[in-house]
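Nothing fancy with the numbering, it's 1 onward along the sequence.
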Amino acid sequence: SSIRTSDDRPALELDEASGAHFLRVAGIGEFELEEGSITCRPWIRQPELVEIALLGTVLALWLELRGIPAIHASAVEIDGSAVAFMAGHQGGKSSLAAAFLQMGHALISDDISALGSLEGRIQLRPSYPQMRMWPRDAAHFLGSEVRLRRLYPGGEKRRVPVGPAGFGRFCAKTIPLVLAILPERDASYRGPIVLEPVGRAGAVVELTRHSFLGRTVHALGLAPGRFDTFAEIARKVSFQRLRFPAGFEFLPGVEQAVIEALRSLPGA
């Protein structure tokens, strides 16, 4: 890891022994990753911080070791197809997903999306029924009176349960990914909402750029096989760059533009 601890050790350390991988997350604990399980040995009594590591870095590594790319993306189900919003930290992917949930579509994943090929199509696997929102977004989508737990003590982001007892609907099944959106939210932009196609080479670059564990995957020697997977995804999924003005009032227009783009795809 490029992030160092106070005693100048890497924040992540990984060993392999007896067919298992052992990932140590500084200040959190050790996770044993085997073929069908993840065992956690926490070093702290803060389950929220352990959960963040487990559902982020640890889960992403477990997927990558099994040839399933983990991408920084939030995804929703629209008319039986998956649409993913690929963006980095504060790139607007969760806000877009929340807007689609508010409009009646279902969440597949938030922040991390697992992609893979099955029966000749690219499939997106469901994650867990929860979103992470900044207070301003949570107040808009759920109402300012709703009380939500912090993601971790002292943090600003809130936990938003998704499903019958929470916000919107959750899609708990693997479905085909047909459209990947690269959002560009611009506070100074006042033009129309625009979707532009991204070529295959550009799509591979974006998949690499938005990998959840790009540096770790490279260190493990998994990059060559992953590149082949990315090339297949770029060939079978439509990648489009979305430019839109910042502001909640523009989100219904974004939904309409995305649905029109989805329905215009061959076979949609």
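Distance check, rounded to the nearest 0.5 Å: CG of Leu63 to OG of Ser113 gives 10.5 Å. If you take CD1 on Ile71 and NE2 on His210, they are separated by 9.0 Å, rounding to the nearest 0.5 Å. Atom-to-atom distance recorded for Ile38:CD1 and Leu33:CG is 5.0 Å, nearest 0.5 angstrom. Annotation: the span from Ile28 atom CD1 to Leu54 atom CG amounts to 11.0 Å, rounded to 0.5 Å. Interatomic distance, Leu177 CG to Glu77 CD, rounded to the nearest 0.5 Å: 12.5 Å. Rounding to the nearest 0.5 Å gives a distance of 4.0 Å between NE2 of His105 and CD of Glu255.
Under the 4.0 Å criterion applied to side-chain N and carboxylate O atoms, Asp186 and Arg243 are assigned as salt-bridge partners. A salt bridge links Asp15 with Arg24: the distance from a Lys NZ or Arg NE/NH1/NH2 to an Asp or Glu carboxylate oxygen falls below 4.0 Å.
Side-chain atoms of Thr208 come within 3.5 Å of backbone atoms of Val204 as a donor-acceptor pair (strictly under, hydrogens ignored).
Using a 4.5 Å cut-off between side-chain heavy atoms of Ile, Leu, Val, Met, Phe, Trp and Tyr, with links allowed through other members, Val83 and Leu265 fall into the same hydrophobic cluster. Residues Phe85 and Phe248 are members of one and the same hydrophobic cluster, defined by side-chain heavy-atom contacts under 4.5 angstrom among Ile, Leu, Val, Met, Phe, Trp and Tyr. No continuous path of hydrophobic side-chain contacts links Ile233 to Leu179 [ILVMFWY only; heavy atoms under 4.5 Å]. Under the 4.5 Å side-chain heavy-atom criterion for ILVMFWY residues, no single connected hydrophobic cluster contains both Leu59 and Met86. A continuous path of hydrophobic side-chain contacts links Leu151 to Val58 [ILVMFWY only; heavy atoms under 4.5 Å].
In terms of heavy-atom proximity, Ile181 sits nearest to Pro183 at O-CD, 3.2 Å. Contact record, Asp110 with Ser94: OD1-OG, 2.6 Å, taken as the closest heavy-atom pair. In plain terms, the two heavy atoms of Ser211 and Phe230 that are nearest each other are OG-CZ, 3.7 Å. Arg158 approaches Pro135 most closely through the heavy-atom pair NH1-CG, 3.7 Å. Across all their heavy atoms, Leu101 and Ala106 have their closest contact at CD1-C, 3.9 Å. Shortest non-hydrogen contact noted between Ala75 and Leu107 is O-CD1, 3.6 Å.
Side chains of Glu196 and Glu184 form no contact here, defined as non-hydrogen atoms less than 4.5 Å apart. Considering only heavy atoms from C-beta on, Val217 stays 4.5 Å or farther from Phe212 through its side chain. Side-chain contact check for Leu12 versus Val25: some heavy-atom pair is nearer than 4.5 Å. Within the 4.5 Å cutoff, side-chain heavy atoms of Leu220 are placed close to those of Leu61. Two residues are said to be in side-chain contact when any heavy atoms from C-beta on lie closer than 4.5 Å; Ile122 and Glu232 meet this criterion. The shortest distance between side-chain heavy atoms of Met133 and Phe167 falls below 4.5 Å. Looking at heavy atoms from C-beta onward, Arg150 lies out of side-chain contact with Arg159 at the 4.5 angstrom threshold. Considering only heavy atoms from C-beta on, Leu118 stays 4.5 Å or farther from Pro176 through its side chain.
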Candidate pair Leu124 and Ser109, rule side chain to side chain contact (heavy atoms under 4.5 Å, CB included), full reasoning: CA-CA 9 Å; Leu124 198 149; Ser109 60; 4.0 Å; yes

message: Go through it in stages, so that I can follow the logic: the residues are Arg121 and Lys236, the test is side chain to side chain contact (heavy atoms under 4.5 Å, CB included), and I'd like the CA-CA distance, side-chain angles, deciding distance and then a yes or no.
response: CA-CA 7 Å; Arg121 303 191 72 177; Lys236 294 180 177 179; over 6 Å; no

message: Pair Asp137, Val160 - check side chain to side chain contact (heavy atoms under 4.5 Å, CB included), show working.
response: CA-CA 11 Å; Asp137 292 341; Val160 179; over 6 Å; no

message: Please evaluate residues Thr216 and Glu64 with respect to the criterion side chain to side chain contact (heavy atoms under 4.5 Å, CB included), reporting the C-alpha separation (whole Å), side-chain torsions for both, the decisive distance (0.1 Å), and the verdict.
response: CA-CA 10 Å; Thr216 306; Glu64 294 283 2; over 6 Å; no

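The local environment of CZ in Arg66 is crowded, with over 12 non-hydrogen atoms from other residues, nucleotides or ligands closer than 6.0 Å. Dense packing is recorded around CZ of Arg226, with more than 12 heavy atoms of other residues, nucleotides or ligands lying under 6.0 Å away. Environment of CZ in Arg45: sparse, with no more than 12 heavy atoms of neighbouring residues, nucleotides or ligands closer than 6.0 Å. Shown here is Tyr128, whose OH atom has more than 12 heavy atoms of other residues, nucleotides or ligands within 6.0 Å. Open room surrounds OH on Tyr152; 12 or fewer heavy atoms of other groups in view lie less than 6.0 Å from it. Within a 6.0 Å sphere centred on CZ of Arg41, heavy atoms belonging to other residues, nucleotides or ligands number more than 12.
Between the side chains of Ser81 and Asp79, no donor-acceptor pair is found at a separation under 3.5 Å.
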